[in-house]
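Comments concern the structure below.
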Amino acid sequence: MSLLRSLRFFPVACTGRSARAVLLQPSQPWLTFHAGPSLSSAASSKELLMKLRRKTGYSFVNCKKALETCGGDLKQAEDWLHKQAQKEGWSKAAKLHGRKTKEGLIGLLQEGNTAVLVEVNCETDFVSRNLKFQQLVQQVALGTMAHCQNLTDRLSTYSKGFLNSSELSELAAGPDREGSLKDQLALAIGKLGENMILKRAAWVKVPSGFYVGSYVHGVTQSPSLQNLVLGKYGALVICETPEQITNLEEVGRRLGQHVVGMAPLSVGSLDDEPGGETETRMLPQPYLLDPSITLGQYVQPQGVTVVDFVRFECGEDEQVAEAE
């Protein structure tokens, strides 16, 4: 008898029953059992996985591992992911340390009578256009703003301050993040795989009777903050305004534009003789938007007095930045 023929007749031979009886008997109960979790349990696990993935942005593989490690506890899994990502980020940062970071973004954030400029650098322009990098710049701006607003000086005149890279790194990350800005830097390096630095920040606070004009060149809109703009150059111009001026915002923007374009080193005086293209004092410089007059000649009829300014250029040499 062939093997196929013997297999067909094997049940009948074993039971002694007819083939018809074997075919008509109900399915064996064990055939309905499944190894592993129930359908409802599997659906619940998938829902948790999707929720963790949406909340953290990490890969499915890492989110699955986090849930398994933390016994399905969503909060613990989220914390575990952040700690692992931070470890990986610091490890990458150590490997990438020393690679040049000439690209990046300037961030300008204004809230009420306070304005901040920050600079965060990376290796390539490609990464500077990445949403995760822009979110890091946003976080640095928020951390600097919180630091500035926590200063309790009573202002009779304007106040201006600077933070270097190490000071900036130690600031708290902000209201919706744990740890410091250097922790956020490590997470960004881990995700984007480039060397990055929190280069510097400047802040200005003004009392009544003063105004901060601002301008950013090469504007990219912030990922989520309407009052934050990103670009390659930025300027803050502090003006004294004893009277209410209707077009003050436009005047402040034009002054900031001039500072970005003409890169002055000091304010100068309205009494200074007009200078040429090489003039480094702001007021006697040819006005950027109308070189037939000086900036002082533009400002004087506007009813404002320029008292100070800050200019950031992304990737400029440390010596230049310190001199300015």
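Closest non-hydrogen pair, G303 versus I245, comes out as O-CD1, 3.4 Å. Across every non-hydrogen atom of L171 and T144, the tightest pair is CD1-CA, 4.0 Å.
Here H258 contributes atom NE2 and L283 contributes atom CG; the two are 8.0 Å apart, rounded to the nearest 0.5 Å. Distance check: L228 CG to E111 CD gives 10.0 Å after rounding to the nearest 0.5 Å. Annotation: the span from I238 atom CD1 to F309 atom CZ amounts to 10.0 Å, rounded to 0.5 Å. Here the CG-CG distance, from L136 to L187, works out to 9.5 Å after rounding to the nearest 0.5 Å.
Between L74 and L48, the closest side-chain pair of non-hydrogen atoms falls below 4.5 Å. Contact annotation: the side chain of V140 never approaches that of Q184 to less than 4.5 Å [non-hydrogen atoms, C-beta and beyond]. Counting heavy atoms from C-beta on, the side chains of Y158 and V212 never come closer than 4.5 Å. Residues P286 and M262 meet the side-chain proximity criterion, which asks for heavy atoms closer than 4.5 Å. Residues V118 and F312 have side chains not in contact (no heavy-atom distance under 4.5 Å, counting atoms from C-beta outward). Contact check for N227 versus L109: side-chain heavy atoms found under the 4.5 Å cut-off. Two residues are said to be in side-chain contact when any heavy atoms from C-beta on lie closer than 4.5 Å; V304 and Y211 fail this criterion. Counting heavy atoms from C-beta outward, Y233 and R311 have side chains that approach closer than 4.5 Å.
For the residue pair Y298 and D290, no side-chain donor N or O sits within less than 3.5 Å of a side-chain acceptor on the partner. Judged purely by distance below 3.5 Å, without hydrogens or angles, the side chains of D272 and S269 never pair a donor atom with an acceptor atom. At a cut-off of 3.5 Å, with distance as the only test, a side-chain donor of T124 or E194 sits close to an acceptor on the other residue.
Ion pairing between E68 and K64 holds under the 4.0 Å rule for side-chain N and carboxylate O. A salt bridge between E103 and K232 is present, with a side-chain N of the basic residue lying under 4.0 Å from a carboxylate O of the acidic one. A salt bridge is absent between K51 and E47: the closest approach of a Lys/Arg side-chain nitrogen to an acidic carboxylate oxygen does not fall below 4.0 angstrom.
S165 contributes a side-chain N or O that, together with a main-chain N or O of L198, makes up a donor-acceptor pair within less than 3.5 Å. Checked by atom type and distance alone, the side chain of Q139 pairs as donor or acceptor with a backbone atom of A173 at under 3.5 Å. No side-chain donor-acceptor contact under 3.5 Å links R253 to the backbone of Y215. Without hydrogens or angle criteria, E119 side chain to R200 main chain gives no donor-acceptor distance under 3.5 Å. Within the 3.5 Å criterion, the main-chain N or O of L151 finds a donor-acceptor partner in the side chain of K205. The backbone N or O of Q297 sits nowhere less than 3.5 Å from a side-chain atom of Q300 that would complete a donor-acceptor pair. Between the side chain of N113 and the backbone N or O of V206, at least one donor-acceptor pair lies under 3.5 Å.
Hydrophobic clustering of Ile, Leu, Val, Met, Phe, Trp and Tyr side chains at less than 4.5 Å, counting indirect connections, unites L181 with V127.
A 6.0 Å sphere centred on CD of E249 holds no more than 12 heavy atoms belonging to other residues, nucleotides or ligands.
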